[in-house]
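Numbers restart at 1 for each chain; the letters A, B, ... are given by sequence-line order, proteins then strands. Keep in mind that the numbers below use all heavy atoms, side chains included, and drop hydrogens, waters and symmetry copies.
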Amino acid sequence: MTQTSNLNSNVTNESEEREDYFEYFFDKPGSEPGTLCIEEDAVPSQLILTNYDEKQVAKKVNISPNELPHYITSADSLWLDIQGLGTEKTLKQIGEIFNFHPLLLEDIVNVPQRPKVEYYDDQLVIIFNLVTSNPEEDGFSFEQISLILGENYLLTFQEGHNKDYFDFIRTRLEKDKGKIRSLGVDYLTYLLLDVMIDSFFPVLEEYSERIEKLEDEAIISPNRKTLPKIYKLRRELLALRRAIWPQQSVITTLMRSSSNFMGSKVEVYLRDCYDHIIQLLDIIESYRELSSSLMDVYLSSISNQTNEIMKILTIISSIFVPLTFIVGIYGMNFEYMPELSTKWGYFICLGVLAMIGFSSLFFFWKRGWLKRFDVVEEQIE
Amino acid sequence: MTQTSNLNSNVTNESEEREDYFEYFFDKPGSEPGTLCIEEDAVPSQLILTNYDEKQVAKKVNISPNELPHYITSADSLWLDIQGLGTEKTLKQIGEIFNFHPLLLEDIVNVPQRPKVEYYDDQLVIIFNLVTSNPEEDGFSFEQISLILGENYLLTFQEGHNKDYFDFIRTRLEKDKGKIRSLGVDYLTYLLLDVMIDSFFPVLEEYSERIEKLEDEAIISPNRKTLPKIYKLRRELLALRRAIWPQQSVITTLMRSSSNFMGSKVEVYLRDCYDHIIQLLDIIESYRELSSSLMDVYLSSISNQTNEIMKILTIISSIFVPLTFIVGIYGMNFEYMPELSTKWGYFICLGVLAMIGFSSLFFFWKRGWLKRFDVVEEQIE
Amino acid sequence: MTQTSNLNSNVTNESEEREDYFEYFFDKPGSEPGTLCIEEDAVPSQLILTNYDEKQVAKKVNISPNELPHYITSADSLWLDIQGLGTEKTLKQIGEIFNFHPLLLEDIVNVPQRPKVEYYDDQLVIIFNLVTSNPEEDGFSFEQISLILGENYLLTFQEGHNKDYFDFIRTRLEKDKGKIRSLGVDYLTYLLLDVMIDSFFPVLEEYSERIEKLEDEAIISPNRKTLPKIYKLRRELLALRRAIWPQQSVITTLMRSSSNFMGSKVEVYLRDCYDHIIQLLDIIESYRELSSSLMDVYLSSISNQTNEIMKILTIISSIFVPLTFIVGIYGMNFEYMPELSTKWGYFICLGVLAMIGFSSLFFFWKRGWLKRFDVVEEQIE
Amino acid sequence: MTQTSNLNSNVTNESEEREDYFEYFFDKPGSEPGTLCIEEDAVPSQLILTNYDEKQVAKKVNISPNELPHYITSADSLWLDIQGLGTEKTLKQIGEIFNFHPLLLEDIVNVPQRPKVEYYDDQLVIIFNLVTSNPEEDGFSFEQISLILGENYLLTFQEGHNKDYFDFIRTRLEKDKGKIRSLGVDYLTYLLLDVMIDSFFPVLEEYSERIEKLEDEAIISPNRKTLPKIYKLRRELLALRRAIWPQQSVITTLMRSSSNFMGSKVEVYLRDCYDHIIQLLDIIESYRELSSSLMDVYLSSISNQTNEIMKILTIISSIFVPLTFIVGIYGMNFEYMPELSTKWGYFICLGVLAMIGFSSLFFFWKRGWLKRFDVVEEQIE
Amino acid sequence: MTQTSNLNSNVTNESEEREDYFEYFFDKPGSEPGTLCIEEDAVPSQLILTNYDEKQVAKKVNISPNELPHYITSADSLWLDIQGLGTEKTLKQIGEIFNFHPLLLEDIVNVPQRPKVEYYDDQLVIIFNLVTSNPEEDGFSFEQISLILGENYLLTFQEGHNKDYFDFIRTRLEKDKGKIRSLGVDYLTYLLLDVMIDSFFPVLEEYSERIEKLEDEAIISPNRKTLPKIYKLRRELLALRRAIWPQQSVITTLMRSSSNFMGSKVEVYLRDCYDHIIQLLDIIESYRELSSSLMDVYLSSISNQTNEIMKILTIISSIFVPLTFIVGIYGMNFEYMPELSTKWGYFICLGVLAMIGFSSLFFFWKRGWLKRFDVVEEQIE
Ligand SMILES: [Mg+2]
Ligand SMILES: [Mg+2]
Ligand SMILES: [Mg+2]
Ligand SMILES: [Mg+2]
Ligand SMILES: [Mg+2]
Ligand SMILES: [Mg+2]
Ligand SMILES: [Mg+2]
Ligand SMILES: [Mg+2]
Ligand SMILES: [Mg+2]
Ligand SMILES: [Mg+2]
Ligand SMILES: [Mg+2]
Ligand SMILES: [Mg+2]
Ligand SMILES: [Mg+2]
Ligand SMILES: [Mg+2]
Ligand SMILES: [Mg+2]
Ligand SMILES: [Mg+2]
Ligand SMILES: [Mg+2]
Ligand SMILES: [Mg+2]
Ligand SMILES: [Mg+2]
Ligand SMILES: [Mg+2]
Ligand SMILES: [Mg+2]
Ligand SMILES: [Mg+2]
Ligand SMILES: [Mg+2]
Ligand SMILES: [Mg+2]
Ligand SMILES: [Mg+2]
Ligand SMILES: [Mg+2]
Ligand SMILES: [Mg+2]
Ligand SMILES: [Mg+2]
Ligand SMILES: [Mg+2]
Ligand SMILES: [Mg+2]
Ligand SMILES: [Mg+2]
């Protein structure tokens, strides 16, 4: 059946470069705890530091990790945004400065990890995902964001493959003098979580449309290309659910545990995050159920098509096979066949053939088999 | 296969204007927390104020938000019903007067949100759904109702797209001097929740009938239109469950948490709401299971049809194909074919053909294949 | 396809009068809490009062509600059995005498409600279901029984459509001087719950037999009538589970909550009820799983039938279509066809035809396709 | 389709004597609590009494219940094993001697009950199942064992249909002077529970083999007998799970509740029971999932077979139907058909026919349809 | 159908030597608690002892159990690694020296047991699984590792069938003077658990590739070999989940219970194990869902193939069967058939035949049936 597979060679190519939505990082068996694995295509690390309090904001781009200790001692809020996980030395230096547990830097650098929240003695660690829709084709890609929240500082580690999603938060921090400045780094943490949760909605919106199209296709004109589309849909929804599910539990944990890191004023804001993430899960579950129904619908549609094809074959055969038998009789070469020599024999024979043919047609019309074809022909004109 | 899709162009049109039951509101990524998004087709906001105590009722229609502060200070119960979410200025004014949290007005205006209950310091917030059956076709539409319950006031925000479902409660409030006046705004809240829960029952009633019809159709006369009907049914039941499920948890939360907002006298009334919402979920789950079985039933029915079609083809072919072969033999032009010149050859041949034909028929009758067609023909007359 | 639907007109009729197992009561939207809805076919209410203590029993049939207050004050145990929910005045009078909450009478009269247990200040309310097998056909019907247990009295409200299931308990009360008299109204409550739970077992017993029959039918002789039978089975088992599930939670609640209404001596008896209701659920779940497998079995059997049909068609066609082609060759009218004029041409031709025919047969026999038909024919004789 | 059902009459017979794995005992509606129902085929009750302490063991077979009171007063451990539930008088006497609650004897005698553990004031009651593999055919049968554990006595009630599974424990008790004698009746209880749990493993072992055979059958040579085998497998696994599930909860309850009946020394032994019963459930769940996949595999295999059959038919028809048309043309009797009179017409015609035939074959070979048949034929030789 | 089964005899052989992923140990019914069952192919036991503290490490290979008591009394940390469970005497000696509960040695030796953690008075017992990918074919094999953690010693029992996975930990212990030496035997326990969890990832990686290949195969070129591949995939994923699930609960238990055995410093390391084991389960669940969809995809693809086959048959038959009937008419031997004697009769007839043939083709082209074949043919060139 090699021919059949050649036939869809473009499909094969497409699938070879397919996104691996179920990617995960795993230790090489035997590697020591705390080993960092910088990916080959990792973006070199850049540091953006923002010191702010109610009155002023100071932003420093591309500073060196050596300058960092100077700022931590200051009394105001500090946000250090690390973009790119490619410079091992820089990352290790930051780990030392902020006193990371050996396994923490591993979680930040060896992406992707499962989203989670962890409480260390003097730090709250959040591993979260941001999602970006692929601009030119279906699908999306994840990016891990790690947030380390201390008493008056927030560290964020972005993979940096896509655009900087936190830039407009930085802009708002510089321009807006209200809540965002006065409420401290825990409110800033909320704002970033909100951005990351909001990133899922435009992606989901695309699935709403794809499902509608697939519904029509599976019911009205099911074809061989419908099947991989439905399967792809299910695979991607599964990946989305897998990404959001642990994030929902991160938000729940943050809401419930009254820690020193997250003030009570931020709790009501986290409830808003919770609402949206529950809604995300809710919609994905709905889409998953619909996509599961779609597979059944497709299979039924294909069976319907089989029936239509069989009906045409059966009608044609049932009409002409008996007629061919009858004309075969009068094609026999027996010497004594009285009908052959009568004058009207041929025409009577033709009449009988027509009668039998139309009876068959009437039988199928009675059973409602012709109806459909009538409709088809009407529509075709 | 373009022809096939033209063929159901009416189906396509129907589906293009299909109700989006899985609609939800989502923030534009990057928007600030608390941003209001007034929909283009939003109804301008109208205020209906009702002050009442055991002795008297005062209803004021279409008052301006500026007049509101005057009434809040009064000692009796106050119900402010806001119909339409289209006038941003009015809504923001109300938010200021009643001291809303920045995120609260967002939940009220940016519809639809997921149903929920939230406790603020001096307010209890309930987001709930009301459902209306579509009068001219299958299906339904949701409307979000937000209730904000304070110590002696109740605010209700209706989307206002459909008729005012709370009007007859207002009428009862004016006429009836009993419990409804003396029990305060928490009892009034119960009455409104009851109205909203009760709105689901007539909608479900329609589904009971649709399922019965689809059962008959899928079993007795399955056709291509049955499939989208079953799929549509499942889709709508999924949407209904998705709407009711969080509302059940709203009622449970209200029943369990003994707050200052809901008095102990109202608790037993909430139990009645709970009974009905559990029953709603129970029925929807039953319908969903039935609809899931229906898909299997449909697929089996289609396979049964295939069998019937195949049987006709097989019977016709099995009888006439061998006979045609035999008459073909005597149509050969060999010079020496002894049978051809015998006197009764032709008639013996016809007899043999008849015998073979009837043996085949007998074989199929023995296997029970003809039975069904007999029945069909009897019924047809 | 109207003919096909006429064809099963008896099936349609049967399904039109089908039992609505998913019936439920729902408020007319806008109706006031506490509104009673007497059904048109409701049975007029009759009162049977039984006063009893360890020494004596007094039974009064058909007393008027006006006489009731006299008996309640007495020191012994009192059982008031109300049969029929048709007389609104009587029911309301009883409600007043026994000090019912406004929503309680609604739950008793507006049947069917979901089974539940509720604790009021001085009353324990149990809504329960009794099931009766339909004597002349498959299926069953539910009847709601409401029990109101006070300190020394028990009220029972029966719909009264079927025979009085509690009569032999009354008889035992009159004749037996043992535990039944000395243990009070809570033990009596247990006895009635036991009767209602026991009513499910004979119904389930019928399903055991139906499943066995359907197993044989689906595997050995699947036909078009098998499908609706399996669907009906699943529908009824779903309804049974829906009825029993909340009752199990009623019994669990009664067992766990040590109230003033249910003495500790009765607890061990409730455990027996619990065992049986768990067993009911257990069996129904097993039956539901079997019925779900049956649908798959049926679909596979139908596919098997398709294969058998196709095999017959393929064997017949594969043997005779090539032969017909060959005889067609010698039926051509070419002037120069050397074979035609040879003496043994015809017989050699017949021999070749026979050889080809038997080779085909041998090919199919080798593939095992003929085996089955042999078996069939043997069995038929 | 009566013929088809005759055809498998042996299958029908087999299924008529099929084991009812979902058997359960239920009260005749209206029967009094505590009514004993001795089955007709119940084994007459025999008593085996074993008194033992660390130093000595005394076994008395077939004693009369009248002699019992004498032994209970003694200070050592006592094990009374009742084999057979057929002698109502004996059972009632034992019930009186050991002070049974009225409902307890019912649970022991009216088998089968659901496995459970119950705590009475001075007794711990365990209802458990033992399973025996059917020696001559597939399947198994359950036997209920009831254990009543008092302070220094253990009563065991066996149905007695199969061999006495506890006999070798009795032997060990007589011969072994170690732990079994010194640890008391709670350790003895553990030993018996262990025996009953261990009885499930050899039964499960048989299912492992059956699944392997069915995997091969469903994939390689699916036939009509495969289907009922898979269904039977699922049915029996369902019954096994139904039996073991409540027993797991019995062991869990015994482990958790530190009662006077079960000493802390026995707890670690119960953990071993727990491990094994969890493993039983685990394996059964795995087998159930495999059996569920098998049904899908079977259905797909059948569809594959349909395809193979259809391919043969299509190849034969596609080759010979057009050829037959062409020879039909030259069989027409038109007076003026120039080809007929050319000298090489016939042979050119034969050549064209051959060419067309081989082109068709080439088309199918290109599509890979002939490959499979080649393989088949090679294998057949 | 014996031929069909011969045909795949290599498949049968393959499956006969198939790995039993659902293997488990079970007691021979009637065996005494604590009975050891040494497998025939068990590896003879070898002891590797490692004494270490912050300053020094002493490794002794192949020591005799008699020498053991000497080392236990020493003050430093002790790791005794027993490789091979084949020497009963050695194992029993170790059990006596370390004061094992009678049932503990049984759990260690009678492999495989279900993974679990158990707390004894002075020992923490962990039963865990390690997995190894089969080098030459698909699949994997499990090996049970038992860890017994005392106050200052760790015993590990390996089955020893595969390479020693703990050797490089021993090497690290000898070379690295850091944490691994100073943190004691509980940190060593973590390191070994981490090795065992990490062993699952390379195995899962292979499944990712297998699923991708099967996706393409099921959609583009489904054939009879695809089905057993999907089934095998599901079976192996089920086995993997069955192995990992209880291990996740082992890690959870270790994390939660603050015991004397596991110090608080190790807790944060166990969280890393927890993350990875949750990720394992997560991925396996995703793969299981995908494999379940694949079965549906395969079935739909097969149905699609049936349709393609049927279309070819129907097109060929619908074109040539009517034409054959017409040429049959003019092959009849009636004496008076006016058309036959006209000069252009034959050519007009041929023209009509061509017209009818092309009309049929046009009808199928309109329905889009020919499209696909065009594509196929283009691709074939
Ligand atoms: Mg690691
Ligand atoms: Mg995109
Ligand atoms: Mg990445
Ligand atoms: Mg947001
Ligand atoms: Mg949309
Ligand atoms: Mg919100
Ligand atoms: Mg927002
Ligand atoms: Mg409507
Ligand atoms: Mg709306
Ligand atoms: Mg209501
Ligand atoms: Mg109805
Ligand atoms: Mg109610
Ligand atoms: Mg299914
Ligand atoms: Mg009501
Ligand atoms: Mg009945
Ligand atoms: Mg009723
Ligand atoms: Mg009972
Ligand atoms: Mg039975
Ligand atoms: Mg009982
Ligand atoms: Mg009973
Ligand atoms: Mg057996
Ligand atoms: Mg029995
Ligand atoms: Mg055991
Ligand atoms: Mg064990
Ligand atoms: Mg054991
Ligand atoms: Mg491998
Ligand atoms: Mg092994
Ligand atoms: Mg690791
Ligand atoms: Mg990969
Ligand atoms: Mg980690
Ligand atoms: Mg399925």
Heavy-atom closest contact ([X] atom, [Y] atom, distance):
{"X": "E:Val297", "Y": "A:Leu227", "value": "O-CD2, 3.6 Å"}
{"X": "A:Arg224", "Y": "E:Ile219", "value": "NH2-O, 4.2 Å"}
{"X": "E:Arg172", "Y": "A:Pro33", "value": "NH1-CD, 3.7 Å"}
{"X": "E:Asn307", "Y": "A:Ile302", "value": "ND2-O, 3.3 Å"}

Shorter than 4.5 Å, heavy atoms on both sides: which option in [options] has the most such pairs with chain A?
{"options": "E:Ser293, E:Ser317, E:Ser199", "result": "E:Ser293"}
{"options": "E:Phe200, E:Tyr330, E:Tyr287, E:Tyr269", "result": "E:Tyr269"}
{"options": "E:Ile326, E:Thr324, E:Ile278", "result": "E:Ile278"}

Are the side chains of [X] and [Y] in touch, meaning some heavy atoms are under 4.5 Å apart?
{"X": "A:Glu118", "Y": "E:Asp275", "result": "yes"}
{"X": "A:Asp107", "Y": "E:Asp272", "result": "yes"}
{"X": "A:Arg242", "Y": "E:Glu289", "result": "no"}

In terms of ring plane angle, is the pair E:Phe201 and A:Phe26 parallel, tilted or perpendicular, where the classes change at 30° and 60°?
->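 The arrangement is parallel - the two ring planes meet at less than 30°.
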
Answer yes or no on whether E:Arg271 is positioned over the face of A:Tyr120, meaning its NZ or CZ is under 6.0 Å from the six-membered ring centre and within 45° of the axis.
-> yes

Where does E:Val327 contact chain A at under 4.5 Å (heavy atoms): side chain, backbone, both or neither?
-> neither

Which bit of E:Leu294 is near chain A, if near means a heavy-atom gap under 4.5 Å: side chain, backbone, both or neither?
-> both

